[in-house]
Visitor: 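Following this message is one structure expressed as structure tokens.
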Amino acid sequence: MKNYILPLAGAVVTISAFLAVQSCADAGAKSDYASFVNPLVGSGANGHTFPGAVVPNGMIQPSPDTRIDGWDACSGYHYTDSLINGISHNHLSGTGCADFGDVLIMPTVGAKVLDNQIDTLQNLPYASAFSHASEIAEPGYYAVKLDRYDILAEVTSTERVALHRFTFPATDSAGMIVDMDYSIQRQKNFDMNLEAISDTEVVGSKRTSHWAGNQRIFFYAKFSRPFTFVSLSDTITSARDGSPIARCKGLLDFGKMTAGEQLLVKVGLSAVDIDGARGNAEAEMAEFDFDATRAAAREKWNSYLSKIDVPFTENREDLSKFYTALYQTAISPYLFTDADGRYLGMDGEIKQGDVENPVYTVFSIWDTFRALHPLLTIIDPALNDAYLNSLLIKAREGGVLPMWELAGNYTGCMIGYHAASLFADAVAKGQNSFDPAEALAASVRAAEYHPEGIHAGPAFVEQLMPQAKYYKNTIGYIPSDKDKESVAKALEYAYDDWCISRLAEAVGDTATAAKYAEMGKAYRKYFDPETRFMRGVMSDGSWRVPFSPSASDHRNDDYCEGTAWQWTWFVPHDVPGLIDLLGGKERFTAKLDSLFSASSEISGDLVSMDISGLLGQYAHGNEPSHHVIHLYNYAGQPWKTQALVDSIYNEFYHVAPDGLCGNEDCGQMSAWLVMNAMGFYQVAPGLPVYSIGRPMFSFLTVNLPGGKQFDVKVNNFSKKNKYIRSATLNGRPLDTPFFTHDDIVSGGTLLLDMTDTPTDWGV
């Protein structure tokens, strides 16, 4: 732990001293996994993460906001910035779309500068300069020096409550701005309210429309010192188009403070009402005990991170890569149920739920079905099952399973109906407390074209029920001249339909199982044997022309955030069938080799920004590629999987703000690293089989529920020894590069013997 000494108007504040309840020795202790986590990873480039103070799956995410507009403002923070607008209380981690940034607060000294607030700037009139040299980001804690005001700002949190601590210089005019009209990417604000209900309490609410079409937020804030309060409610004119912009701000004055004097503020959020926000604050934080709250937050993180135990004697950078990635897998989905059990339903109604079985929100399923949820089936199946129960609740309330759910809203974002994958995988692994028959019915509902009865606006319903589903279910394929992203949709629908067949088998519905198993083969329709790519098929049965496998027209062509090079390989549920389509193993591996050796140039007038992290035409920065390197294991060349895992781990993951090669995407990018660093990956969720790659540590232990352990041990481990010479599972020789989920959850040891040259092991 570094000691950061910051001068504050003649006083000296040693930030490490605020770890009073955690001894210095603990920083290097075996239990302090959090000491390896760097929340700033991904906050630069296009990772879109935020560095704020959260606990695992917490409802509240207090974090600094440094910019308002643009793609790299999706989390509100970008490492290249030098001004902070304030600290707002809800954020998205690693998404490619923006929302939130609600209830922003900024402590001040002197006059509160509010004019000129125009909507062509990244920063507000009262923004403060800051330096990364004075910034600390740790699991459950964030601190920064606000240079403009000479104030040290610190924040920590519980699940539903943020606790701020501001250390002031000597001043006669200590103050604070509570900004309700602020939001990331200037969302439409409705029904804004803000008032002081005592000389130490402020409450407020607003409704916004942005990515979530109807987001509600309520807050309650209690201060450790009394204040005087002035409400500002007016309208300014947009510098962009002359439209009116409503403002709603609270101006608080605390009067005189001596150097080093502190102000504490606790903030509770709710999507239900102000009583819910206040109840959350009172239930989780009776006192203004910052150090104890911070220590408890770190303990929660250590509990989560300890699910995978890597010896602290391993390479420190690798430990930091690994535990930072594991940290990112617990940011979302997050709690949506208040401390009293109430939550906002998908139908817009307030529901009385169960505190012990809470509802969650922020489901980026298009991303996370691939690795995040499979990871959780290993390290925390109960939490994964809670997520799946939440999805079924949302389907009952809203009329259909979400694709990308946000704050009790259907967003209609992305493609597929991958909740089917989550259900099929959990049932295949015997980890479901939900009714598989209900999951099957809900998945079939999502797979069919029925736009009726969905609680969402027409634009969202159109995205949830695209014409592609109609064509898929009536004529058996999706004509490229009838719907955009037809090939990507068709390939993902085929996979999801296969998942539905797996669910149907589990509940004994043989007719549905047979129907959807056949629909799972629909990917064959799009394979062009001449070009040997998956291509768009027109209404008359002809191939779409012109065709270039490296062309991209973002969200307008036949692919989704990718090209034919990347999407041709999305048949995770039937790799043998894909190998046959491509002409057998030899021709398949030659084609796969060409993916990694092709030019990385992408053509087109609107190339998708999501196509990033390129190795040839393989794009690790976006999710459709994430299973591809493991396909060599199916084709008899496992040494290539091993070498590529090593290359991607070292080239595309770094312990730095720009250390991710694409959006974090709510834990998926990091879950890929966690799984592969352990030495394996699940290519087809729904089929409980893992493909072996190249582990990144000489030893680790997965601490399983029920006290069991699964160990991965490596003989002859070194950076250059990336190839497997032999393998055993519980002493039994492994002849193929695969093992099952049962092999993990039963406990035992995977032992790999490594070498520096390719071998024929697993062939």
Side-chain angles (χ1 to χ4, degrees), residues 33 54-58 93-94 159 300-309 322-336 357-392 402 405 418-434 439 499 623 626-627 664-690 700-706 708-710 712 740-747:
Y33 303 89
V54 298
V55 297
N57 310 109
S93 178
E159 282 74 13
K300 291 170 186 175
W301 276 114
N302 278 324
S303 177
Y304 180 81
L305 298 170
S306 70
K307 294 176 186 296
I308 306 175
D309 182 18
F322 183 81
Y323 281 112
T324 298
L326 189 55
Y327 165 87
Q328 286 291 346
T329 66
I331 304 296
S332 56
Y334 63 70
L335 282 170
F336 202 51
N357 296 285
V359 170
Y360 291 82
T361 188
V362 184
F363 283 93
S364 182
I365 306 175
W366 185 80
D367 305 291
T368 57
F369 85 87
R370 305 167 198 267
L372 174 64
H373 290 280
L375 171 65
L376 291 174
T377 64
I378 298 170
I379 67 172
D380 200 338
L383 178 61
N384 190 62
D385 205 35
Y387 291 163
L388 273 55
N389 275 297
S390 288
L391 289 171
L392 284 175
E405 182 272 345
H418 297 306
S421 169
L422 273 56
F423 295 136
D425 200 42
V427 170
K429 294 172 178 175
Q431 295 179 345
N432 55 293
S433 64
F434 57 83
C499 290
E623 281 66 27
H626 278 186
H627 69 293
E664 168 57 37
D665 281 319
C666 296
Q668 169 58 27
M669 190 69 70
S670 289
W672 186 97
L673 181 145
V674 172
M675 292 283 283
N676 280 280
M678 289 194 294
F680 50 88
Y681 191 77
Q682 187 175 3
V683 170
L687 185 66
V689 172
Y690 299 98
L700 64 81
T701 296
V702 182
N703 292 308
L704 302 165
K708 294 181 180 179
Q709 294 182 337
F710 182 75
V712 178
T740 70
H741 185 74
D742 283 346
D743 291 326
I744 292 180
V745 297
S746 297

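We count residues from 1, following the sequence as given.
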Visitor: Any donor-acceptor pair under 3.5 Å linking the side chain of Asp385 with the backbone of Ser433?
Guide: yes

Visitor: Check Cys666, Ser332, Pro402, Pro333 against Phe363 for a side-chain contact (heavy atoms from CB on, under 4.5 Å) and give me the one that passes.
Guide: Pro333

Visitor: Within a strict 4.5 Å, meaning less than it, do heavy atoms of the Val712 and Phe680 side chains meet?
Guide: yes

Visitor: How long is the gap from CE on Met675 to OG1 on Thr329, to the nearest 0.5 Å?
Guide: 11.5 Å

Visitor: Asn389 and Asn357: side chain to side chain contact (heavy atoms under 4.5 Å, CB included), yes or no, with the steps?
Guide: CA-CA 9 Å; Asn389 275 297; Asn357 296 285; over 6 Å; no

Visitor: Please report the interatomic distance CD1(Ile744) to NZ(Lys429), rounded to the nearest 0.5 Å.
Guide: 8.0 Å

Visitor: Could you tell me the separation between the CH2 atom of Trp366 and the CD atom of Gln668, rounded to the nearest 0.5 Å?
Guide: 9.5 Å

Visitor: Checking Ser306 now: which residues fulfil side-chain hydrogen bond (donor to acceptor under 3.5 Å, both in side chains) with it, not counting sequence neighbours?
Guide: none

Visitor: Can you see which heavy atom on His741 is nearest to which on Thr377, and at what distance?
Guide: CE1-O, 3.5 Å

Visitor: Any chance the side chains of Asp309 and Gln709 put a donor and an acceptor closer than 3.5 Å?
Guide: no

Visitor: Checking side-chain polar atoms at under 3.5 Å, does Tyr387 have a donor or acceptor matched by the opposite partner on Asn57?
Guide: yes

Visitor: What's the verdict on side chain to side chain contact (heavy atoms under 4.5 Å, CB included) for Leu326 and Ile379, showing C-alpha distance, side-chain angles and the deciding distance?
Guide: CA-CA 11 Å; Leu326 189 55; Ile379 67 172; 4.1 Å; yes

Visitor: Cys499 and Pro685: which non-hydrogen atoms are nearest, and at how many Å?
Guide: SG-O, 3.9 Å

Visitor: Quick check: closest heavy atoms across Thr361 and Phe336, and the distance to 0.1 Å?
Guide: CG2-CD1, 3.6 Å

Visitor: Mind checking the CG-CD1 spacing from Leu700 to Ile308? Nearest 0.5 Å is all I need.
Guide: 7.0 Å

Visitor: Is there side-chain contact between Leu391 and Ile365, with heavy atoms separated by less than 4.5 Å?
Guide: yes

Visitor: Report the residues that fulfil side-chain hydrogen bond (donor to acceptor under 3.5 Å, both in side chains) with Thr324, sequence neighbours left out, ordered by chain and then residue number.
Guide: none

Visitor: Mind checking whether His418 and Phe369 have parallel, tilted or perpendicular rings, split at 30° and 60°?
Guide: parallel

Visitor: Which distance, rounded to the nearest 0.5 Å, do you find between the OH of Tyr690 and the OG1 of Thr740?
Guide: 8.5 Å

Visitor: Over all heavy atoms of both residues, which pair between Pro374 and Thr368 is shortest? Give the atoms and the distance, please.
Guide: CD-O, 4.1 Å

Visitor: Is the backbone of Val362 close enough, under 3.5 Å, to the side chain of Glu405 for a donor and an acceptor to pair up by distance?
Guide: yes

Visitor: In Å and rounded to the nearest 0.5 Å, what is the CD to OG distance from Glu664 to Ser670?
Guide: 3.5 Å

Visitor: Measure the acute angle between the ring planes of Trp301 and Tyr327, then classify it against the limits of 30° and 60° as parallel, tilted or perpendicular.
Guide: tilted

Visitor: For a 4.5 angstrom cut-off between non-hydrogen side-chain atoms, does Phe423 reach Leu388?
Guide: yes

Visitor: Taking only residues at least two apart or on different chains, which pairs with a member in residues 359-375 satisfy salt bridge (Lys or Arg N to Asp or Glu O under 4.0 Å)?
Guide: Arg370-Glu492

Visitor: Closest approach of Leu392 and Ala439, non-hydrogen atoms and distance?
Guide: CD2-CA, 3.9 Å

Visitor: Does the pair Trp672 and Met669 meet the rule for a side chain to side chain contact (heavy atoms under 4.5 Å, CB included), with working shown?
Guide: CA-CA 5 Å; Trp672 186 97; Met669 190 69 70; 5.8 Å; no

Visitor: Regarding Ser364 and Asp665, is there a side-chain donor-to-acceptor distance under 3.5 Å anywhere?
Guide: no

Visitor: Taking it one step at a time, do Tyr304 and Val55 satisfy side chain to side chain contact (heavy atoms under 4.5 Å, CB included)?
Guide: CA-CA 10 Å; Tyr304 180 81; Val55 297; over 6 Å; no

Visitor: Is Asn676 close to Leu673 at the side-chain level, that is, under 4.5 Å between some pair of heavy atoms?
Guide: no

Visitor: Identify the heavy atoms of Leu687 and Gln682 that sit nearest to each other, and give their distance.
Guide: O-NE2, 3.0 Å

Visitor: Do the side chains of Phe710 and Thr701 get nearer than 4.5 Å, heavy atoms only?
Guide: no

